[in-house]
Amino acid sequence: MSVSRNFMLIGSLYIILGVGIGIYMGGSGDRTLVPLHAHINLLGFVLPMAFGLVYHLFPAAGESLQARAHFWLHQIGALVLLVMLWLLLSGKIAEAAMFPIAPLAELCIFIGLILFALNVYRHVR
Ligand code: HEM
Ligand code: HEM
């Protein structure tokens, strides 16, 4: 598995969805999903593209076990968090129902970021 390619591939799918929501919001005037739009674009596309580029430019970082763990922690965490955010903003669940799944998803992303930082420290020259 190429971590850099997979980060960029999934990121490029998220941006279609995120910009699609942006176009819908612009056209309809409905701002309910602004935080979802923002985080699909940023957590789903901008960050993963940056990770993908780093892992591509520095193969020793991209081929490490940490990079694989980071990939799965980020993707699972972001997907769960974004789905929960959509459920919350569209009124399908109450804020209390975010607990404990959303904090766990945030923790996944956070641990992934620590692995990324360690990886950068070790392999980016
Ligand atoms: C064709 C593309 C896009 C359209 C039509 C669009 C549309 C919108 C609209 C209508 C809003 C709500 C603005 C408001 O009422 O305050 C918004 C907010 C936002 N968009 Fe986009 N957007 C697009 C692309 C992007 C991209 C590529 C990113 C990030 C990489 C992005 C990040 C954001 C953020 C962070 C906010 C929230 C800003 C705030 O908190 O005031 N958008 N966008
Ligand atoms: C686990 C990851 C993250 C969590 C839990 C999180 C949480 C939040 C929360 C609670 C807000 C306030 C939303 C509101 O008041 O409606 C927010 C806003 C915002 N966040 Fe994040 N965030 C995360 C990641 C990021 C990342 C990675 C970026 C940028 C690269 C980012 C950029 C923004 C921006 C631009 C806003 C203002 C846009 C808006 O009003 O929705 N966030 N975030």
Side-chain angles (χ1 to χ4, degrees):
M1 148 179 156
S2 162
V3 171
S4 62
R5 175 180 154 81
N6 288 351
F7 260 128
M8 290 194 258
L9 196 61
I10 296 178
S12 66
L13 296 177
Y14 269 119
I15 195 66
I16 295 172
L17 180 64
V19 165
I21 295 173
I23 293 169
Y24 162 76
M25 292 192 306
S28 66
D30 181 354
R31 297 292 187 265
T32 317
L33 297 180
V34 169
L36 181 67
H37 162 75
H39 289 89
I40 285 179
N41 288 342
L42 298 168
L43 212 49
F45 171 75
V46 176
L47 251 55
M49 280 297 173
F51 298 146
L53 287 174
V54 169
Y55 290 140
H56 177 72
L57 287 172
F58 301 94
E63 284 154 17
S64 67
L65 195 62
Q66 276 132 296
R68 283 161 199 263
H70 174 211
F71 174 81
W72 288 109
L73 286 165
H74 187 87
Q75 294 301 343
I76 292 167
L79 182 64
V80 169
L81 201 56
L82 292 169
V83 168
M84 296 216 63
L85 191 55
W86 173 70
L87 292 171
L88 178 71
L89 296 173
S90 57
K92 291 180 173 50
I93 59 169
E95 200 162 342
M98 296 290 275
F99 187 84
I101 299 175
L104 284 174
E106 287 164 10
L107 188 65
C108 283
I109 294 171
F110 194 72
I111 294 170
L113 291 173
I114 292 170
L115 294 179
F116 178 66
L118 285 173
N119 210 346
V120 167
Y121 176 74
R122 282 195 191 139
H123 296 292
V124 173
R125 293 278 175 261

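First listed ligand is number 1; within each ligand, the first listed atom is number 1.
Pairs passing the side-chain hydrogen bond (donor to acceptor under 3.5 Å, both in side chains) check and including a residue from residues 50-64, sequence neighbours excluded, read Tyr55-His70, Ser64-Asn119.
Here the straight-line distance linking atom CE of Met25 with atom CZ of Arg31 works out to 6.5 Å at 0.5 Å rounding. Within the model, atoms CD1 of Ile16 and CZ of Phe45 stand 10.0 Å from one another, a figure rounded to the nearest 0.5 Å.
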Find all protein N or O atoms under 3.5 angstrom from an N or O atom of ligand 2 and list the pairs with distances, or write 'none'.
residue  : atom   : partner : partner atom : Å
ligand 2 : 20 (N) : His39   : NE2          : 2.9
ligand 2 : 22 (N) : His39   : NE2          : 3.0
ligand 2 : 42 (N) : His39   : NE2          : 3.0
ligand 2 : 43 (N) : His39   : NE2          : 2.9

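A donor-acceptor pair is defined here as one N or O able to donate and one able to accept, closer than 3.5 Å; such a pair exists between the side chain of His74 and the backbone of Leu43.
Side chains of Pro59 and His123 form no contact here, defined as non-hydrogen atoms less than 4.5 Å apart.
Under the 4.5 Å side-chain contact rule for hydrophobic residues, Phe7 and Leu113 share a cluster.
Short contacts between ligand 1 and Gly26, defined as distances under 4.0 Å to a heavy atom of the residue, involve ligand atoms 10 (C).
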